[in-house]
Number of protein chains: 2
Amino acid sequence: MPKLPNREQLLVWRDFIETTEALHTRMGARLQSDTGLSNGDYTVLLALSEAPHNRVRSSELATLVGWERSRLSHHLGRMEKRGLIRREHCTTDSRGAEVVLSDTGAATFHAATRPHLRAIRELFVDALTPTQLAAAGEIAAALRHHLNPPDA
Amino acid sequence: MPKLPNREQLLVWRDFIETTEALHTRMGARLQSDTGLSNGDYTVLLALSEAPHNRVRSSELATLVGWERSRLSHHLGRMEKRGLIRREHCTTDSRGAEVVLSDTGAATFHAATRPHLRAIRELFVDALTPTQLAAAGEIAAALRHHLNPPDA
DNA sequence: GCGTCATAGTTGACACGTCAATCAGGAGGA
DNA sequence: TCCTCCTGATTGACGTGTCAACTATGACGC
């Protein structure tokens, strides 16, 4: 007979999952209205801007941002249509694609950084005490470790 | 000059938001394969099953689950097509609609409860120490309070 | 009754995410 | 070479979520 969560644990679960979802949504709306980018756009642009020569193999990009390849492919299609990135053939592996940050993409990302950091400060950091912030980091680490056990 | 988060705070932010998103996704996949319901389906069915006579005004349901009315309307349309709920005209307000849990919906929800609770236990509760679980509750409360200030 | 405004709910367009299927190209062995 | 298997990436179908526009009805003041 499997153990089931008790009433109090259930309340924490509901509160936690609903609040984090709301936080994600709110941050997305904020980013959208401040900068015209979605959460996904920002994630991709951030990873690209940190890569050498602003250029990454598609599958490696998927690993960097932690997305499935199909999701990334769809998203890159939308971003390419808006001129934020380009896709080029990979010279060393004809199957592969390289994703390149465009000038427009770099400029957009640069302009978006400050407003986004400000939003993180306002919606997340300012809501928590230093102790709570540290605890949030530990909780995230524990959850992540539990979801993706390193032994596998 | 607005305060911006420092490096450490940013790391906590990224870890926190990505992990909670992954948790949400994982729970959705688990619920889907265990019971054929999505996260949204379960939320709606739970609210309906707790309502008197398994019947709620649409806008009240939106408040209960914390969704925008448009989102709820779309979701109810999909659930109605699958026979999980019905929509009936409201007798006291001709504009309104009442959402009713169908027998199919009730049975499906009932069958889904245990697997879902088990998943909550396994993916969330079991990942955290009692101290961390309590901290998660406090963090959620602080974030929620900050997002929706009661004075407004 | 009649304007005016607010409220209940739906709709359409479009962005986002998942899944399964598909296609093309490398890698290795008989 | 040819066959088989694996991998990189895209596609199509469909469920989900947001926003803005829209319909229809109630509520209030005159």
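Naming convention: chains lettered A, B, ... in sequence-line order (proteins, then strands); numbering from 1 in each chain. The model shown is predicted, which means the values in this text are computed figures rather than measured ones.
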**Request:** Could you tell me whether the side chain of A:Thr35 and the main chain of A:Gln32 form a donor-acceptor pair under 3.5 Å?
**Result:**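 No, A:Thr35 side chain to A:Gln32 backbone: no donor-acceptor pair under 3.5 Å.
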**Request:** Walking along DNA chain D from 5' to 3', note the first and the last nucleotide with an atom under 4.0 Å from a heavy atom of chain A, and give both.
**Result:**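 First and last nucleotides in contact are D:dT7 to D:dT18.
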**Request:** Please give the angle, rounded to 10 degrees, between the axes at the start and the end of the helix from C:dG1-D:dC30 to C:dA30-D:dT1, where five pairs define each axis.
**Result:**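 Comparing the first five pairs with the last five, the axes sit 0° apart.
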For residues 52-61 of chain A, which side-chain N or O atoms pair as donor and acceptor with protein atoms under 3.5 Å away, sequence neighbours left out?
from, atom 1, to, atom 2, distance (Å)
A:Arg55, NH1, A:Glu88, OE1, 3.0
A:Arg55, NH1, A:Glu98, OE1, 2.8
A:Arg55, NH2, A:Glu88, OE1, 3.3

Just the rounded figure in Å: distance from [atom2] of [N] to [atom1] of [X].
X	N	atom1	atom2	answer
B:His24	C:dC16	NE2	C1'	14 Å
B:His89	C:dT10	NE2	P	10 Å
B:Glu21	C:dG17	CD	P	7 Å
A:His74	C:dA20	NE2	P	14 Å

**Under 4.0 angstrom between A:Arg82 side-chain N/O and C:dA15 OP1 or OP2** =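 Answer no for this pair, as no side-chain N or O of A:Arg82 is under 4.0 Å from OP1 or OP2.
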**Request:** Check whether any side-chain nitrogen or oxygen of A:Arg78 sits under 4.0 Å from OP1 or OP2 of C:dC16, and answer yes or no.
**Result:**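 Yes, because at least one side-chain N or O of A:Arg78 sits under 4.0 Å from OP1 or OP2 of C:dC16.
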Show which side-chain atoms of residues 127-139 of chain A pair as donor or acceptor with protein atoms under 3.5 Å away, not counting sequence neighbours.
from, atom 1, to, atom 2, distance (Å)
A:Thr129, OG1, A:Gln132, N, 3.0
A:Gln132, OE1, A:Thr129, N, 3.0

4.5 Å side-chain heavy-atom contact, [X] and [Y]:
X	Y	answer
B:Trp13	A:Met27	yes
B:Phe16	B:Leu143	yes
A:Leu23	A:Phe124	yes

**Prompt:** How would nucleotides 3-8 of chain C be written as a contact map, 5' to 3', with B for base contact, S for sugar-phosphate-only contact and - for no contact, using protein heavy atoms under 4.0 Å?
**Reply:** ----BB
**Message:** Salt bridge or not between A:Asp41 and A:Arg82? Use side-chain N to carboxylate O under 4.0 Å.
**Reply:**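 Salt bridge: yes.
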**Message:** Check A:Arg86 with A:Glu80, please: is the shortest side-chain N to carboxylate O separation under 4.0 Å?
**Reply:**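 No, this pair does not count.
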**Message:** By nearest heavy atom, map A:Arg71 and B:Glu60 onto DNA chain C; which one lands nearer the 5' end?
**Reply:**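 Checking each residue's closest nucleotide, the 5'-ward one belongs to B:Glu60.
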**Request:** Pick base, sugar-phosphate or nothing for B:Ser73, based on heavy-atom distances below 4.0 Å to the nucleic acid.
**Result:**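 Base: the residue B:Ser73, judged by heavy atoms under 4.0 Å, touches a nucleobase.
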**Request:** Would you jot down, in residue-number order, the residues of residues 25-51 of chain B having a non-hydrogen atom under 4.0 Å from DNA chain D?
**Result:**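 Nucleic-acid contacts, sorted: B:Ser38.
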**Message:** Please find the pair of heavy atoms, one from A:Leu31 and one from A:His116, that lie closest to each other, and give the distance.
**Reply:**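 Of all heavy-atom pairs spanning A:Leu31 and A:His116, the closest is CD1-CD2, 3.7 Å.
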